[in-house]
Amino acid sequence: MVGRLVSAAPLRSVALPSVGSSRVRWVGVGIAVLLALLLPVRLAPAQDAASGEAIYRAWCLECHGAEGRGDGPAAERMLPRPRDFVGARYQIRTTASGELPTDDDLMRVMRDGLPGTAMPGWPNLGDQEKRDVLAFVKSLSPFFERETPEVLQRSADPGGGADRAGAGREAYGTLECARCHGEHGRGDGRSAPTLEDWRGFPVRAADLSEPWLFNGGMGADAIHTRFLTGMDGTPMPSNQDALEAGVVTEEDLWNLAHYVAGLGPAKAPELEEVVRVERREQLPGGPADAAWDDLPSFYFPLVGQIVQAPRQFAPTVDGVWVKGVHDGAELALRIEWNDPSNSPDPGWQEWQDKIAAALYSDGAPIPAEPLPDLLGVQFPMTPPDGRARPYFLMGDRRKPVYLWLWHSRRGAVEGRATGLGTTEVVDSGAGLTASAEWEAGRWRVVFRRPLADDDDGVLSFSEGDPIPIAFFAWDGSSGETGTRGSISAWYFVGLQPPTSNAVFVAPLVAFLVTGGLGMFAVRRAQKSYRG
Ligand code: HEC
Ligand code: HEC
């Protein structure tokens, strides 16, 4: 049999030293007994469910509910919904499928949160406070009293990283991961639009190319743990049975873990403030042109628009990758983002209806027909004055925004807005064009526009001066339309001049200082919203 399980070191091995006289041995026993008596009191104070309850009421109730059923006042704006502590189906465990998590598992979730969901980490709570609140959480379910969770034995990572990817790709096929996660792992498998959690809420197959948003952490070891434990309460299965039945081997699962780890970057993308637009002799052609490959790529996170109703708390698009190039006469920007559906798609109608039922109870019903995907790229209407940037939600009366609006079936038009929901189409005659391609869960849209615009009122791009840029994305199949979508903060595009870099860098530095404040503004606006 390939790959025997390596058993965890048994705890029994706290034996007395076998050397020395019997007197020494008895002194040893005496100390051990004393320690045993003192330990629970002095070194590891018991978890205190009573003080945990106070912490729970202060920090957890809003989402997890007064009785811990995952139905707090804020819960209905979230997908996935907060955990139901009474039902006690836990996702991030080192224990077998169907079992409870260990205290260490729960402490880990308290420390790191569940990335990609509304569940935050709790750096404000000390270790003892975390233990206390967990003691209270556990007391909400009858199961913790009855069962003592045991860590599932796993073999150690044999290493090998990328060398295992080829074989791992095969296991990805054998185990039908693509059925849910899609061929390239972007959550676009054919079953994806039908997936539900145990309460019947729609649940996305994780986007395996964005591992920094995995609930249980990135890296092959964490991924391997999820393969064996599954994620209870969701369709993500455990492969423990397949392993025991010999359908897959230990080797296969490690190959697979390394393959999956390689589907995305090894660490979360770093946030930069400026899209550096290189100058080239020739602009690339369509979205898939190989000429894009060696241009630098910039990542910008997007968050749900929750400032102005109707809001979107659980948006599909969580970030865009941007590349830019110009030739002195024309600018080309390629915006890339993951979206498991090429909307409008009737195949996702059921999903759209379920999302509407689960999330959009705050008025403004969404149309019951398949909606398109949209992207808005925002700039100021005229070149910025000093550090001024338009209001982050599509500008205001004083500082309107100039928009590139792309529609998944109609292509691109230019627009103008003086605030969210005020978008109007304008034709500046600037000659904006777009070409788009959706492939296996990913949109790539290339916008092209001449740098100069003869119309005085509309932005001209010039080399050297960084120009504010922001993004707004809508996934039609999740009912995103109007003010429901994802937004970014303001960043910048900086066109590289043909000569020295100095002219280019100096204004950038000035703008960088203000750039970081953009995301802060979005976050603050989100935090201050308590509606
Ligand atoms: C802003 C909302 C929010 C708050 C506040 C919040 N949680 Fe959560 N929590 C969630 C959501 C949402 C999930 C489920 C995410 C998922 O299913 O992927 C969750 C899941 C959990 C889990 C389950 C982890 C697992 O492995 O399944 C635990 C434990 C937990 N929360 C503890 C707490 C505690 C303790 C507090 C208070 C200190 C707290 N949460 C506060 C939203 C919240
Ligand atoms: C029946 C559908 C389905 C199948 C088959 C499936 N998954 Fe998943 N998987 C999911 C869903 C749904 C989630 C998201 C669960 C959540 O976060 O609530 C998920 C989550 C994940 C995650 C993220 C873990 C984390 O920490 O957030 C990884 C990695 C993963 N799956 C890999 C795989 C691999 C590899 C396979 C094949 C062995 C596979 N899945 C098979 C539905 C599936």
Side-chain angles (χ1 to χ4, degrees), residues 52 55-65 68 70 72-75 77-85 88-93 100-101 105-110 112-122 124-125 129-138 140 168-169 171-182 185 187 189-192 194-199 201-208 210-211 213-220 222-239 242 248 252-253 256-257 259-261 263-264 313-314:
I55 299 170
Y56 183 88
R57 302 216 167 276
W59 298 106
C60 323
L61 183 146
E62 182 83 4
C63 293
H64 289 282
R77 301 195 210 104
M78 286 162 207
L79 270 185
R81 288 287 206 263
R83 188 69 65 253
D84 169 357
F85 295 135
R89 287 174 183 80
Y90 285 88
Q91 289 181 10
I92 305 309
R93 292 166 291 103
L100 296 169
D105 293 340
L106 291 170
M107 281 297 275
R108 194 216 134 107
V109 167
M110 290 297 287
D112 300 342
L114 295 170
T117 80
M119 171 68 188
W122 296 94
N124 61 320
L125 299 179
E129 288 170 304
K130 289 192 181 97
R131 283 183 212 288
D132 289 349
V133 73
L134 288 174
F136 176 70
V137 162
K138 283 160 64 177
L140 293 168
R169 169 83 210 170
Y172 192 81
T174 320
L175 292 169
E176 298 199 323
C177 312
R179 180 158 65 84
C180 296
H181 292 285
R190 82 190 122 78
S191 299
T194 67
L195 300 179
E196 289 181 351
D197 70 11
W198 68 281
R199 283 185 281 196
F201 290 115
V203 57
R204 283 190 191 289
D207 182 339
L208 305 182
E210 297 184 344
L213 295 177
F214 285 177
N215 291 186
M218 49 201 306
I223 295 170
H224 183 264
T225 309
R226 299 291 88 73
F227 290 167
L228 291 179
T229 65
M231 297 174 82
D232 292 357
T234 85
M236 174 66 193
S238 152
N239 290 292
V248 278
D252 292 336
L253 288 184
L256 183 60
Y259 168 71
V260 171
L263 288 173
F313 285 89

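Read the numbers this way: they start at 1 and go in the same order the structure lists the ligands and their atoms. In what follows, every heavy atom counts, from backbone to side chain, and hydrogens, waters and symmetry copies are set aside. Just so it is clear, the model here is predicted, and its values are computed rather than measured.
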Q: May I ask you to list the atoms of ligand 2 that are less than 4.0 angstrom from any heavy atom of Cys180?
A: 1 (C), 2 (C), 3 (C), 4 (C), 5 (C), 42 (C), 43 (C)
Q. Any N/O/S atom, backbone or side chain, of Cys177 lying under 2.8 Å from atom 8 (Fe) of ligand 2?
A. no
Q) For ligand 2, which atoms, with element, lie under 4.0 Å from some heavy atom of Arg204? A) 11 (C), 12 (C), 13 (C), 14 (C)
Q) Should you measure from each heavy atom of Glu176, which atoms of ligand 2 turn up under 4.0 Å away? A) 5 (C)
Q: Would you mind telling me which of Val248, Asp252, Asn239, Leu175 makes a side-chain contact (heavy atoms from CB on, under 4.5 Å) with Phe227?
A: Asn239
Q: Could you pull out the closest heavy-atom pair between Met110 and Met119, with the gap in Å?
A: SD-CE, 4.3 Å
Q. In chain order, what residues pass the side chain to side chain donor-acceptor pair (under 3.5 Å) check against Arg93, with sequence neighbours excluded?
A. Asp232
Q. Within 45° of the ring axis of Phe201 and under 6.0 Å from its six-membered ring centre, is that where the NZ or CZ of Arg81 lies?
A. yes
What short N/O contacts, under 3.5 Å, does ligand 1 make with the protein, listed by atom pair and distance?
unit_1, atom_1, unit_2, atom_2, d
ligand 1, 7 (N), His64, NE2, 2.8
ligand 1, 9 (N), His64, NE2, 2.9
ligand 1, 17 (O), Arg83, NH1, 3.1
ligand 1, 17 (O), Arg83, NH2, 3.1
ligand 1, 17 (O), Gln91, NE2, 3.3
ligand 1, 18 (O), Gln91, OE1, 3.4
ligand 1, 18 (O), Asn215, OD1, 3.2
ligand 1, 26 (O), Gln91, N, 3.4
ligand 1, 26 (O), Ile92, N, 2.9
ligand 1, 27 (O), Arg83, NE, 2.9
ligand 1, 27 (O), Arg83, NH2, 2.9
ligand 1, 27 (O), Gln91, N, 2.9
ligand 1, 31 (N), His64, NE2, 2.9
ligand 1, 40 (N), His64, NE2, 2.8

Q.
At less than 4.0 angstrom from any non-hydrogen atom of Val260, what atoms of ligand 2 do you find?
A. 35 (C)
Q: Would you please name every residue forming a salt bridge (Lys or Arg N to Asp or Glu O under 4.0 Å) with Lys130, sequence neighbours left out?
A: none
Q: Under the side-chain contact (heavy atoms from CB on, under 4.5 Å) rule, what do Ser238 and Leu228 come out as? Steps first, then yes or no, please.
A: CA-CA 5 Å; Ser238 152; Leu228 291 179; 5.6 Å; no
(Q) Which residues pass the side chain to side chain donor-acceptor pair (under 3.5 Å) test with Asp197, not counting sequence neighbours? (A) none
Q) Has Ala205 got any heavy atom lying under 4.0 angstrom from an atom of ligand 2? A) yes
Q. What is the minimum heavy-atom distance between Gly52 and Phe136, and which atoms define it?
A. C-CB, 3.8 Å
Q) How does Pro237 reach ligand 2, if at all, at less than 4.0 Å between non-hydrogen atoms: by side chain, backbone, both, or neither? A) side chain
Q | Main-chain N/O of Arg89 paired to Arg83 side chain as donor or acceptor, under 3.5 Å | A | yes
Q. Do Leu125 and Ile55 have side-chain heavy atoms sitting under 4.5 Å apart?
A. yes
Q | N, O or S atom within His181 nearest to atom 8 (Fe) of ligand 2, by name | A | NE2
Q) Of all the heavy atoms in Phe227, does at least one lie under 4.0 Å from an atom in ligand 2? A) yes
